[in-house]
K.L.:
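Provided herewith is a single structure, encoded as structure tokens, for subsequent inquiry.
Computed from heavy atoms alone, side chains included, the values below leave out hydrogens, waters and symmetry copies. Sequence lines set the chain letters: A, B, ... in the order given, protein chains first and strands last, and positions in each chain run from 1.
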Amino acid sequence: DSGVTQTPKHLITATGQRVTLRCSPRSGDLSVYWYQQSLDQGLQFLIQYYNGEERAKGNILERFSAQQFPDLHSELNLSSLELGDSALYFCASSVTAHQETQYFGPGTRLLVL
Amino acid sequence: EDKVVQSPLSLVVHEGDTVTLNCSYEVTNFRSLLWYKQEKKAPTFLFMLTSSGIEKKSGRLSSILDKKELFSILNITATQTGDSAIYLCAVNTGNQFYFGTGTSLTVIP
């Protein structure tokens, strides 16, 4: 158990819908990262937040957005969902913005039908 | 285009064998290279490498980075069935993390 929690574990929804994935970092970690893992594209970095501010941005679609709240938990919002958005979404956390030892949560499995 | 390539894609060995996993990269701004082990759940951190030629070691696992030739290797000696997993390599460029597609290792008793 890494100490990073993600909810929900599984999510099934329809195309065109919007969902919110939630992540709570390890106690004391200020940085949160979001990743998408699909069978055909492997693990893709989406976005990083540090202490409430966006720190780095990867291959995140415009339909996706994220934020980190004052209590340091983070949410990833996925809208206008498409079949291709079906994937495992991981959240990871680290102590600082430059701390590359990231601890991954168990992931949220999203299925878009 | 920044990219990370891992080889082989898949490997099947017998318990006790030694394996070497490869990771090569082409990125515009290298900060560090990381290795992760992924079983059925989330990736777990193994090593972070920033300097060439310095071996990182943890038990039967070791890794080294060559920044001139732009690659890293992960060695596992005396493999055990518990080593069966996907091993991921990632490169941090400071504002992005690029992952390889992973090497799937299966260790047969």
Side-chain angles (χ1 to χ4, degrees), chain A residues 1-10 21 23-26 29 31-50 53-60 66 76 87-110, chain B residues 1-10 21-25 27-51 54 56 58 61 63 65 67 72 74 85-105:
Chain A
D1 184 358
S2 67
V4 179
T5 60
Q6 289 187 248
T7 57
K9 281 186 73 170
H10 300 275
L21 313 184
C23 167
S24 292
R26 291 188 324 154
D29 284 1
S31 201
V32 169
Y33 310 75
W34 284 100
Y35 295 89
Q36 179 194 57
Q37 188 172 41
S38 57
L39 282 174
D40 59 340
Q41 293 212 358
L43 198 60
Q44 302 267 323
F45 167 68
L46 296 178
I47 198 163
Q48 176 197 0
Y49 278 82
Y50 173 72
E53 300 289 326
E54 184 182 303
R55 177 76 174 79
K57 204 165 185 175
N59 300 321
I60 187 165
L76 179 67
L88 193 51
Y89 290 84
F90 286 112
C91 165
S93 72
S94 64
V95 176
T96 71
H98 306 292
Q99 174 56 267
E100 286 124 335
T101 305
Q102 298 174 28
Y103 296 89
F104 280 73
T108 292
R109 187 169 293 280
L110 173 66
Chain B
E1 182 187 340
D2 293 342
K3 62 180 180 181
V4 175
V5 178
Q6 291 185 247
S7 64
L9 288 179
S10 180
L21 310 183
N22 303 290
C23 175
S24 63
Y25 60 91
V27 297
T28 50
N29 184 33
F30 177 89
R31 183 183 170 92
S32 63
L33 185 144
L34 303 99
W35 283 98
Y36 290 89
K37 177 183 182 182
Q38 185 174 24
E39 296 169 90
K40 288 186 179 174
K41 18 189 173 174
T44 53
F45 173 80
L46 293 175
F47 298 112
M48 183 182 77
L49 302 152
T50 55
S51 302
I54 298 175
K56 293 274 182 105
S58 175
L61 276 66
S63 183
L65 173 68
K67 287 169 75 173
S72 172
L74 175 69
I86 294 174
Y87 291 83
L88 296 167
C89 167
V91 171
N92 179 10
T93 62
N95 60 357
Q96 256 273 35
F97 292 85
Y98 294 94
F99 281 79
T101 51
T103 293
S104 174
L105 173 64

K.L.:
Considering only heavy atoms, which portion of B:Phe47 lies under 4.5 Å from any heavy atom of chain A: side chain, backbone, both, or neither?
P.N.:
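Contact with chain A involves no heavy atom of B:Phe47 at all.
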K.L.:
So what's closer than 4.5 Å to chain B heavy atoms on A:Gln44: side chain, backbone, both or neither?
P.N.:
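For A:Gln44, there is no contact with chain B at all, as no heavy atom is under 4.5 Å.
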K.L.:
Does some side-chain heavy atom of B:Val91 sit less than 4.5 Å from a side-chain heavy atom of B:Phe30?
P.N.:
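B:Phe30 reaches B:Val91 side chain to side chain.
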K.L.:
Within a reach of under 6.0 Å around CZ of A:Arg109, are more than 12 heavy atoms found that belong to other residues, nucleotides or ligands?
P.N.:
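Check fails, neighbour count at 12 or below.
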K.L.:
With only heavy atoms counted, which part of B:Ile86 is less than 4.5 Å from chain A, the side chain, the backbone, both or neither?
P.N.:
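For B:Ile86, neither part sits under 4.5 Å from chain A.
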K.L.:
Just so I understand: if I count every heavy-atom pair under 4.5 Å between each of A:Ala56, A:Gly107, A:Ser2 and chain B, which residue has the most?
P.N.:
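Maximum pair count with chain B is reached by A:Ala56.
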K.L.:
Checking B:Asn92 now: which residues fulfil side chain to side chain donor-acceptor pair (under 3.5 Å) with it, not counting sequence neighbours?
P.N.:
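Side chain to side chain donor-acceptor pair (under 3.5 Å) check on B:Asn92 returns A:Glu100.
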K.L.:
State, yes or no, whether a side-chain contact exists between A:Gln48 and B:Asn95 at a heavy-atom distance under 4.5 Å.
P.N.:
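No, too far: nothing below the 4.5 Å cut-off.
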K.L.:
Among B:Gly94, B:Pro43, B:Ala90, B:Gly102, single out the residue with the greatest number of heavy-atom pairs under 4.5 Å to chain A.
P.N.:
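Max contact count across the listed options: B:Pro43.
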K.L.:
Which region of A:Tyr103, side chain (C-beta onward) or backbone (N, CA, C, O), has a non-hydrogen atom less than 4.5 Å from a non-hydrogen atom of chain B, or is it both or neither?
P.N.:
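A:Tyr103 has no heavy atom closer than 4.5 Å to chain B.
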K.L.:
By salt bridge (Lys or Arg N to Asp or Glu O under 4.0 Å), which residues pair with A:Arg55, not counting sequence neighbours?
P.N.:
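With sequence neighbours excluded, A:Arg55 shows a salt bridge (Lys or Arg N to Asp or Glu O under 4.0 Å) to no residue whatsoever.
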